[in-house]
Amino acid sequence: MKIYRFVAILILSVFSLSSKAYENVAFHCEGDTTLINGLLSSSGLSDLTAAERVAFFAKKLVGSPSALRTDILEADTLVFTVNAHSFTPLSFISTCIALAKAYESSSAPNWRDFSDKYEKVMFKKGEASDFVSRFLYPSDWIADNIFRGNVTDETFSLDGLNSRKKEKSLDYISHHRDSFKAFTDEKNFDRLKMLEMGFRNHQIPYIANGDLTNSNRFKNQAKDGDIFFLLTPDFNLDSREMGILTRDGDKLLIIQLSPSKDSVTLEELPFENYVKRNIKRIQGARIIRISK
């Protein structure tokens with residue numbers, strides 16, 4: 001259970017969609033394209049910013065179940081699938097970003113626009129090719145999407161906050177190889193080791209817990225639709241939990257794939273109280289925002 005909980009928080013979904021061959025698309029269920037088209041045609045989207053649209057779509061997906069075990073631990077190949085019904089933590093975030101970007105890409109956006117954007121957010125260099133083309137650590141997802149202009153890192157851009165960097169060497173997955181069916185394959189495992197070599201002594205920016213829990217400065221500067229990554233004290237992991245921030249009056253709330261409820265959840269506790277309650281397993285937060 002401990003291995004499953006750790007794995008659940010840090011890895012992306014195997015599911016994506018080939019934007020190059022729609023005739024070969026697989027679907028999670030019959031309602032996926034209908035759901036995506038319906039989300040993209042929701043009223044009021046034109047009045048929102050890109051970040052606000054991320055939060056809008058996140059709220060619409062609350063209640064969706066987890067697909068962690070079937071899509072991560074038990075998967076050994078890459079499956080191109082349109083799936084708007086079940087998620088891993090990073091596939092949930094990527095879906096909301098892809099929906100927001102798809103809305104801006106066409107005067108009448110549909111599931112094809114979504115699939116193009118989803119592949120560009122979900123996979124290295126924006127191309128789904130094989131199992132290891134997915135992002136296995138959040139830091140890898142962040143770096144690649146920043147480089148390709150999909151998101152920006154706002155951690156050091158927020159004024160008056162105690163922002164710093166933490167050094168970590170990310171190799172948790174290779175140390176728990178037996179938990180992943182995909183890494184019984186030597187070729188996959190060798191590529192994983194090469195990936196982890198690139199994250200030795202990796203510098204991770206973060207906002208200190210004190211500013212997250214005891215100051216209004218962060219709450220006042222965070223935007224509806226900002227993406228958060230909560231750092232874990234574990235020496236070879238980067239983020240234990242991640243999700244999307246949304247405003248409810250003067251409250252800053254969390255939408256995330258809850259590790260305890262196994263579903264996308266709008267947490268009742270405000271963000272600062274959530275951090276305070278879980279302070280022993282959180283070492284600050286990294287804040288990412290969709291690019292304009």
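Values in this document were obtained by computation on a predicted structure and should not be read as measured data.
Here the side chain of K168 pairs a donor or acceptor atom with the backbone of L237 at under 3.5 angstrom. Side chain of N209 to backbone of V275: no donor-acceptor contact under 3.5 angstrom is found. The backbone N or O of R112 sits less than 3.5 Å from a side-chain atom of S115, completing a donor-acceptor pair. Proximity of a side-chain donor or acceptor of N220 to a complementary backbone N or O of N216 within less than 3.5 Å is detected. The backbone N or O of Q256 lies less than 3.5 Å from no partner atom in the side chain of E267, so there is not a single donor-acceptor pair. Checked by atom type and distance alone, the side chain of Y103 pairs as donor or acceptor with a backbone atom of S46 at under 3.5 Å. A distance-only check finds a donor-acceptor pair linking the side chain of Y137 to the backbone of I173 [under 3.5 Å]. Formation of a donor-acceptor pair under 3.5 Å by the T265 side chain with backbone atoms of S263 is found in this model.
Considering all non-hydrogen atoms of both residues, K117 and A98 come closest at CB-O, 3.7 Å. The two residues R289 and D226 make their nearest non-hydrogen contact at NE-OD1, 2.7 Å. Here the closest non-hydrogen pair linking T232 and Q283 is O-OE1, 3.7 Å. Here the closest heavy-atom approach between residue I244 and residue A58 is recorded as CD1-CB, 3.8 Å. Shortest non-hydrogen contact noted between N236 and D171 is CB-OD1, 2.9 Å. Among all heavy-atom pairs drawn from A100 and A50, the shortest one is CB-O, 4.0 Å.
Looking at residues two or more places apart in sequence or on another chain, you find a side-chain hydrogen bond (donor to acceptor under 3.5 Å, both in side chains) between T155 and D153. For N150, the side-chain contact (heavy atoms from CB on, under 4.5 Å) partners two or more places apart in sequence, or in a different chain, are K101, V121, N145, R148. Residues passing the side-chain hydrogen bond (donor to acceptor under 3.5 Å, both in side chains) test with N162, sequence neighbours excluded: R164. For E272, the salt bridge (charged side-chain N to carboxylate O under 4.0 Å, His left out) partners two or more places apart in sequence, or in a different chain, are K219. Every residue was checked against the side-chain hydrogen bond (donor to acceptor under 3.5 Å, both in side chains) condition with S291, not counting sequence neighbours, and none meets it. Judged as a side-chain hydrogen bond (donor to acceptor under 3.5 Å, both in side chains), and not counting sequence neighbours, the contacts of S139 are D238. Every residue two or more places apart in sequence or in another chain that forms a side-chain contact (heavy atoms from CB on, under 4.5 Å) with Q203 is listed here: K165, E167. S64 pairs by the side-chain contact (heavy atoms from CB on, under 4.5 Å) definition with L61, F87, V264, not counting sequence neighbours.
The environment of CZ in F235 is sparse: at most 12 heavy-atom neighbours from other residues, nucleotides or ligands sit within 6.0 Å. In K124, the NZ atom is crowded: over 12 heavy atoms of neighbouring residues, nucleotides or ligands sit closer than 6.0 Å.
Applying the side chain to side chain donor-acceptor pair (under 3.5 Å) rule to pairs touching residues 32-45 yields D32-H85, sequence neighbours excluded. Within the structure, the side chain to side chain donor-acceptor pair (under 3.5 Å) test picks out the following pairs touching residues 50-60 (sequence neighbours left out): T49-E52, R53-E104, K59-T246. Sorted by first and then second residue, the pairs that involve residues 237-292 and meet ring-ring contact (aromatic ring centres under 6.0 Å, His included), not counting sequence neighbours, are F218-F271, F228-F271.
Between atom CD1 of residue I207 and atom CG of residue L158 there is a gap of 5.0 Å, rounded to the nearest 0.5 Å. To the nearest 0.5 angstrom, N278 atom CG is 11.0 Å from N273 atom CG.
Classified by interplanar angle (parallel below 30°, tilted 30° to 60°, perpendicular above 60°), the ring pair H202/F199 is perpendicular.
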Please list, one pair per line, the donor and acceptor atoms closer than 3.5 Å that link side chains of residues 180-187 to other protein atoms, with sequence neighbours excluded.
unit_1: T184; atom_1: OG1; unit_2: K181; atom_2: O; d: 2.7
unit_1: D185; atom_1: OD1; unit_2: K187; atom_2: N; d: 2.9
unit_1: D185; atom_1: OD1; unit_2: N188; atom_2: N; d: 3.0
unit_1: E186; atom_1: OE2; unit_2: R177; atom_2: NH2; d: 2.7

